[in-house]
Amino acid sequence: MKRFHQYLINIFHIHEKKSQMVFRELGLSKGQPKMIEILSHKEGCPQKELARSCSIEPATVTSLLNRMTEKDLVYKEPLLQENGVRIQQIFLTEKGHRIAEGVKGIVDEMEQVSFQGFSDEEKEQCLTYLDRIFQNLQK
């Protein structure tokens with residue numbers, strides 16, 4: 001009998017494998033689609049907040065952003081806060097917005113495939129359970 005962690009690991013790996021194949025066609029490396037998706041919803045996101053949202057180290061974000069800047073997907077703007085602290089805000093370029101649309105399409109398609117054969121109620125119930133599990137693990 002499979003255990004819960006086996007299901008999670010198997011789902012994660014097959015989902016990542018299938019989606020990464022398509023993300024590579026957009027010229028994106030691992031980690032970049034998630035950052036693009038977040039930036040498409042929150043333009044001017046501070047770099048530290050982007051790291052938190054992606055659950056990755058700030059140094060990893062810096063590395064990913066440098067490569068994304070080279071590909072003309074993002075640009076940075078410094079912002080001096082009221083307390084005198086300087087932060088880097090991250091924005092998508094025009095090309096980044098076009099890629100974000102591609103990422104959204106891939107994510108939507110992966111969700112559609114994942115929930116094939118589920119009723120709307122079953123899908124909502126599954127997402128509710130996953131959210132509860134996530135909340136339990138965050139405690």
Co-membership, hydrophobic cluster, residues I87 and I90, 4.5 Å side-chain:
no
Can you tell if the side chain of E77 reaches within under 4.5 Å of the side chain of F91, non-hydrogen atoms only?
yes
What verdict does the side-chain contact (heavy atoms from CB on, under 4.5 Å) test give for S114 and H15, after you've listed the backbone C-alpha separation in whole Å, the side-chain angles of each residue and the deciding distance to 0.1 Å?
CA-CA 9 Å; S114 297; H15 186 279; 4.2 Å; yes
Co-membership, hydrophobic cluster, residues V22 and M68, 4.5 Å side-chain:
yes
Taking every non-hydrogen atom, the tightest pair across E16 and K30:
OE2-CE, 2.7 Å
Please determine whether residues L26 and L65 belong to a single hydrophobic cluster, defined as Ile, Leu, Val, Met, Phe, Trp and Tyr linked transitively by side-chain heavy-atom distances below 4.5 Å.
yes
Any side-chain heavy atom of S29 sitting closer than 4.5 Å to one from R67?
yes
K18 atom NZ: more than 12 heavy-atom contacts under 6.0 Å
no
Same cluster for Y129 and F134 if Ile/Leu/Val/Met/Phe/Trp/Tyr side chains link at under 4.5 Å?
no
Indicate the atoms forming the closest heavy-atom contact of V85 with N83, along with that distance.
N-OD1, 3.1 Å
Can you check whether H97 reaches E43 side chain to side chain, under 4.5 Å on heavy atoms?
yes
Side-chain heavy atoms under 4.5 angstrom apart, residues restricted to Ile, Leu, Val, Met, Phe, Trp, Tyr: same cluster for L137 and L8?
yes
Can you name the nearest heavy-atom pair linking C54 to I38, along with the distance?
SG-CD1, 3.5 Å
Spell out, as yes or no, whether a donor-acceptor pair under 3.5 Å connects the side chain of Q6 to the backbone of R3.
yes
Step through the shown structure and confirm whether more than 12 heavy atoms of other residues, nucleotides or ligands are within 6.0 Å of CG on D120.
no
Determine whether L73 and L39 make a side-chain contact, defined as any pair of heavy atoms from C-beta on separated by less than 4.5 Å.
no
Residues, nucleotides or ligands: over 12 heavy atoms within 6.0 Å of I133 CD1
yes
Would you tell me whether T128 and R132 have side-chain atoms, one donor and one acceptor, within less than 3.5 Å of each other?
no
Do you know which two heavy atoms are closest between V103 and E37, and how far apart they sit?
CG1-CB, 4.5 Å
Closest heavy-atom contact between F118 and K123?
CD2-N, 4.1 Å
Is there a side-chain contact between P78 and Q88 in this structure, where contact means two heavy atoms from C-beta onward sitting under 4.5 Å apart?
yes
Using side-chain heavy atoms (C-beta onward) and a distance below 4.5 Å, is N66 in contact with K76?
yes
Give a yes or no on whether the backbone of A59 and the side-chain of S63 come within a donor-acceptor separation of less than 3.5 Å.
no
Search all heavy atoms of S19 against all heavy atoms of M110 and return the closest pair with its distance.
CB-CG, 4.2 Å
